[in-house]
Structure formats: structure tokens, C-alpha cells
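Below is one structure, written out as C-alpha cells; the observations come after it.
Computed from a predicted model, the values in this text were never measured in an experiment.
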Amino acid sequence: MTTAPDDDPALALASHNRILPMRRGNTDALIRIAQNGGRRVVVATLDGQGDKTDIIDTLARAFDMPRWFGHNWDALYDCLTDLSWFPATGYVLILTGTSPDAANAPILTDLLTDCCDHWQAEGVPFHVFTDSVVGADPA
């Protein structure tokens with residue numbers, strides 16, 4: 001029997017960049033493994049907030065976005081694919097309490113998927129773990 005990457009944090013972090021479902025009880029192990037691998041762990045809790053402003057503001061705070069951050073989807077993408085002010089050998093974003101509304105869920109999912117793809121092309125680990133964002137890769 002093989003273990004799916006999302007059941008084992010070490011396997012998940014060794015896989016290609018993507019959005020993965022967060023498994024209950026794996027958070028501490030995931031953080032420990034990521035930090036031991038030199039990755040910067042960012043935890044963002046939305047507490048069920050689902051509108052655009054709350055999502056963007058929460059991620060901006062979590063990533064300590066620079067003053068010039070424009071507080072819109074395009075600016076969020078631009079910053080998440082730059083991160084020059086937030087240096088690391090790789091990144092792990094843990095999103096909890098996420099319940100984007102119907103209008104924002106696909107935008108957030110597409111944006112995070114595009115960020116994963118960008119960093120994959122750059123050879124930089126960038127994994128997103130979430131408890132409920134639509135589009136989390138089940139395996």
C-alpha cells in the first residue's frame with residue numbers, strides 16, 4: 001500500500017508545487033518538516049472570511065507584503081511570485097478557515113495554482129495546504 005502525498009507531509013513537500021488538502025493532525029509535522037528543509041512557513045487563517053478584501057488583506061499580513069502592495073488580485077499575484085522581501089529556499093502556505101464566496105473561490109484557487117506553477121518553473125518549492133479551498137489536488 002502506498003501513501004498518498006497529502007497523507008505524508010514529507011512526500012507532499014517532495015512533490016511538484018500545487019494546492020493540497022490539509023489533513024487534520026498533520027499540521028505540526030508539516031511545519032517541522034518544511035522548516036527543517038529550509039522552507040518558510042506562512043500560516044494564514046481566514047476564519048471563514050470569504051470576501052475579496054478579507055482574503056487579500058489576510059494574505060498580505062501573513063506574507064508581510066511591502067508598503068507598495070496594491071491590495072487587489074493582480075498585486076497579490078505579483079507579490080506572491082516575487083517575494084524578494086521575504087527570502088527563503090522554498091515556501092509553504094497553510095490556509096485554514098477558508099470559505100471563499102462563490103465569486104472569489106475560483107479566483108483564489110486560480111491565483112494560488114498560478115503561483116505554484118510560477119515557482120515550479122523557477123525551481124523553488126511553493127506548496128499550498130488548505131482545509132477547504134476549492135481545487136485542492138486530492139492526490
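The two residues Thr89 and Gly37 come nearest to each other via the heavy atoms OG1-O, 3.9 Å. Trp85 and Cys79 make their closest contact through CH2-O, 3.2 Å (heavy atoms, listed as atom of the first residue, atom of the second, distance). A pairwise comparison of heavy atoms in Phe63 and Leu83 identifies CD2-CD2, 3.8 Å as the closest pair. Smallest separation of non-hydrogen atoms from His118 and Thr81: NE2-O, 3.1 Å. Minimum heavy-atom separation, Arg40 to Pro87: NH1-O, 3.5 Å. In this structure, Ala62 and Phe86 approach most closely via the heavy-atom pair O-CZ, 4.0 Å.
By the 4.5 Å heavy-atom criterion applied to side chains, Leu59 and Leu95 are counted as neighbours. With a 4.5 Å cut-off on side-chain heavy atoms, His127 and Leu93 do not count as touching. Taking the side chain as every heavy atom from C-beta outward, Phe126 and Val92 never approach each other to under 4.5 Å. No side-chain heavy atom of Pro125 sits under 4.5 Å from any side-chain heavy atom of Gln120. Put simply, the side chain of Ile94 reaches to within 4.5 Å of the side chain of Val41, judged on heavy atoms. Contact annotation: the side chain of Phe129 approaches that of Leu13 to within less than 4.5 Å [non-hydrogen atoms, C-beta and beyond]. Side-chain contact check for Thr109 versus Ile19: some heavy-atom pair is nearer than 4.5 Å. Contact of the Thr45 side chain with the Thr58 side chain is not registered, since no non-hydrogen atoms from C-beta on lie closer than 4.5 Å.
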For side-chain contact (heavy atoms from CB on, under 4.5 Å), just list the numbers for Leu80 and Leu112, CA-CA rounded to whole Å, side-chain angles, deciding distance to a tenth of an Å, and then say yes or no. CA-CA 9 Å; Leu80 288 178; Leu112 293 174; 4.3 Å; yes
Could you go step by step and tell me if Phe69 and Arg67 meet the side-chain contact (heavy atoms from CB on, under 4.5 Å) rule? CA-CA 5 Å; Phe69 175 64; Arg67 283 184 172 181; over 6 Å; no
Does Leu76 form a side-chain contact (heavy atoms from CB on, under 4.5 Å) with Leu111? I'd like the steps, not just the answer. CA-CA 8 Å; Leu76 182 61; Leu111 184 143; 4.1 Å; yes
His71 and Asp57: side-chain contact (heavy atoms from CB on, under 4.5 Å), yes or no, with the steps? CA-CA 7 Å; His71 295 275; Asp57 288 349; 3.1 Å; yes
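A donor-acceptor contact shorter than 3.5 Å is absent between the side chain of Trp73 and the backbone of Leu108. Using a distance-only test at 3.5 Å, with no hydrogens or angles considered, a donor-acceptor pair links the side chain of Asp131 to the main chain of Gly97.
Once rounded to the nearest 0.5 Å, the distance linking CD of Gln35 with CG of Leu30 reads 9.5 Å. How far SG of Cys115 is from CG of Asp82: 11.0 Å, rounded to the nearest 0.5 Å. Asn26 CG to Leu20 CG: the interatomic distance, rounded to the nearest 0.5 Å, is 11.0 Å. Atom CG of Asn104 sits about 8.0 Å away from atom NZ of Lys52, to the nearest 0.5 Å.
The side-chain tip of Arg39 does not point at the ring of Tyr91 from less than 6.0 angstrom away and within 45° of straight on.
In the displayed structure, Asn36 atom CG is contacted under 6.0 Å by more than 12 heavy atoms of other residues, nucleotides or ligands.
Applying the side-chain contact (heavy atoms from CB on, under 4.5 Å) rule to Asn72 yields the partners Asp74, Ala75; only residues at least two apart in sequence or on another chain are considered.
At a cut-off of 3.5 Å, with distance as the only test, no side-chain donor of Thr53 or Asp51 sits close to an acceptor on the other residue.
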